[in-house]
Amino acid sequence: MKKFTKFLFAFLCLGLVFASCNKDNFDYEQAEREQIEQARLEKVRRDSLKRIQAPILREYALTKWGDKAKFSDSTGIWYTVELATGNETPYAYKGTVNSFGQAGLTAWSATLNFKGELMNGTVFDKNTDGVPKVYDHIGTALNVYGQAWLYAFIPTIINVQGKDVRYDGLLPKGLQKNDKISFISPSYYTFDQLEYTKGSEKVTVPKNTPVVYTIELKTIGNSGSN
């Protein structure tokens with residue numbers, strides 16, 4: 001079963017270490033210091049973007065969604081949600097622990113309608129009208145649209161092998177069938193420092209630009225079940 005971890009950069013770091021291990025006289029301590037410094041610089045970069053973008057996101061959310069706007073302090077994401085009725089048996093998002101002791105998530109499949117917009121309302125990407133997008137493995141969508149989608153889907157807390165693990169998802173039960181959520185995220189949770197040009201509407205999303213997504217979930221299940 002395919003799984004992806006919560007810590008999106010962990011395997012990249014491990015890959016760098018393993019690749020370097022083939023060299024003679026590899027300096028593990030130096031590699032660790034470099035990784036720590038890279039993490040520090042990345043935090044500084046994100047904190048700076050957060051300070052700049054936070055008031056912009058707040059103004060957009062309150063203007064667009066009014067008293068229906070909600071805020072996730074842990075992620076900096078603003079959102080509004082329409083919860084479906086009749087989900088007596090909601091989909092249970094699942095977690096695992098890998099061989100390195102890291103808590104992770106079991107992938108799921110999803111069929112959905114979605115739309116991505118710039119803050120001025122220009123649509124840059126969406127599914128074909130009347131034809132919901134099918135993801136047999138949600139990681140396909142996350143690789144394109146970013147970590148903000150992950151937070152929009154997963155519950156705030158997931159039980160992993162008998163322990164409650166906080167994942168900072170926006171909704172207590174996670175996104176469920178027929179729920180509809182709109183959200184605006186700091187740019188480092190979407191395209192970050194990349195310019196996005198592959199959307200259906202042939203509109204360019206500049207790097208470091210907050211974007212707005214709307215997801216209407218039609219079905220959800222274990223990966224490969226849709």
Side-chain angles (χ1 to χ4, degrees), residues 1-54 57 72-77 93-108 135-170 174 183-198 204-211 213 223:
M1 184 180 293
K2 295 182 180 179
K3 301 180 178 70
F4 57 98
T5 67
K6 174 186 176 185
F7 305 98
L8 299 178
F9 303 109
F11 292 115
L12 292 177
C13 295
L14 287 170
L16 291 173
V17 171
F18 291 150
S20 301
C21 285
N22 293 324
K23 299 179 180 180
D24 293 335
N25 301 319
F26 178 71
D27 191 336
Y28 291 93
E29 292 184 356
Q30 177 62 25
E32 182 179 10
R33 287 193 294 270
E34 290 175 355
Q35 289 181 11
I36 291 173
E37 177 62 11
Q38 290 172 3
R40 185 190 69 81
L41 292 175
E42 176 63 9
K43 184 178 185 304
V44 169
R45 184 185 73 86
R46 290 193 174 201
D47 286 347
S48 176
L49 279 173
K50 186 176 182 179
R51 285 192 297 270
I52 295 170
Q53 295 179 359
L57 304 186
S72 166
D73 185 64
S74 58
T75 64
I77 296 174
Y93 291 84
K94 304 172 185 68
T96 63
V97 176
N98 66 19
S99 59
F100 299 100
Q102 297 169 322
L105 296 170
T106 301
W108 59 91
Y135 291 105
D136 291 327
H137 189 292
I138 196 62
T140 304
L142 302 182
N143 287 338
V144 175
Y145 301 116
Q147 196 172 350
W149 272 48
L150 179 65
Y151 291 130
F153 269 93
I154 61 174
T156 308
I157 295 174
I158 298 176
N159 187 274
V160 181
Q161 297 185 358
K163 295 183 178 179
D164 287 341
V165 179
R166 186 175 185 86
Y167 281 89
D168 293 328
L170 302 181
F183 55 97
I184 183 168
S185 163
S187 61
Y188 47 78
Y189 286 146
T190 55
F191 301 117
D192 199 17
Q193 299 180 82
L194 299 177
E195 183 180 81
Y196 183 65
T197 60
K198 298 180 180 180
T204 297
V205 179
K207 63 182 181 179
N208 297 322
T209 299
V211 295
Y213 286 113
S223 183

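Basis for what follows: all heavy atoms, side chains included, without hydrogens, waters or symmetry-related copies.
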If I compare all heavy atoms of [X] with all of [Y], which pair ends up nearest, and what's the gap?
| X | Y | value |
| --- | --- | --- |
| Q193 | R45 | NE2-CZ, 3.3 Å |
| Y167 | P155 | CB-O, 4.0 Å |
| L170 | S72 | CD2-CB, 3.6 Å |
| A107 | H137 | CB-NE2, 3.2 Å |
| I154 | W108 | CG2-CH2, 3.5 Å |
| D168 | T75 | O-CG2, 3.7 Å |

[X]/[Y] ion pair, N-O < 4.0 Å:
| X | Y | answer |
| --- | --- | --- |
| E42 | R46 | yes |
| D164 | R166 | no |
| K43 | D47 | yes |

When you check the side-chain N and O atoms of Q147 and Y151, is any donor under 3.5 Å from an acceptor?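 Note: Q147 and Y151 side chains meet the donor-acceptor criterion.
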Between E34 and Q38, do the side chains contain an N or O donor and an N or O acceptor separated by less than 3.5 Å? no
Hey, what's the ring geometry for W149 with F153, parallel, tilted or perpendicular (30° and 60° as the breaks)?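 The arrangement is tilted - the two ring planes meet at 30° to 60°.
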[X] versus [Y]: any side-chain heavy-atom pair under 4.5 Å?
| X | Y | value |
| --- | --- | --- |
| I184 | V211 | no |
| V165 | I158 | no |
| V144 | Y196 | yes |
| V205 | T190 | no |
| L57 | P186 | yes |

Measure the spacing between [atom1] of [X] and [atom2] of [Y] and express it to the nearest 0.5 Å.
| X | Y | atom1 | atom2 | result |
| --- | --- | --- | --- | --- |
| L41 | I36 | CG | CD1 | 12.0 Å |
| R33 | Q35 | CZ | CD | 12.0 Å |
| L105 | I138 | CG | CD1 | 11.5 Å |
| K163 | I157 | NZ | CD1 | 15.0 Å |

Under the ring-ring contact (aromatic ring centres under 6.0 Å, His included) test against F183, which residue among Y189, Y213, Y145 passes?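 Among Y189, Y213, Y145, the one meeting ring-ring contact (aromatic ring centres under 6.0 Å, His included) with F183 is Y213.
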Qualifying salt bridge (charged side-chain N to carboxylate O under 4.0 Å, His left out) pairs, either residue in residues 93-105, two or more places apart: none
How about CD on Q30, more than 12 heavy atoms from neighbouring residues, nucleotides or ligands closer than 6.0 Å, or not? yes
Not counting sequence neighbours, which residues clear salt bridge (Lys or Arg N to Asp or Glu O under 4.0 Å) with D73? List them please. none
Is it true that a side-chain atom of D192 and a backbone atom of L194 form a donor plus acceptor pair closer than 3.5 Å? no
Side chain to side chain donor-acceptor pair (under 3.5 Å) involving S187 - partner list, sequence neighbours excluded: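 S187 satisfies side chain to side chain donor-acceptor pair (under 3.5 Å) with Q53 once adjacent residues are dropped.
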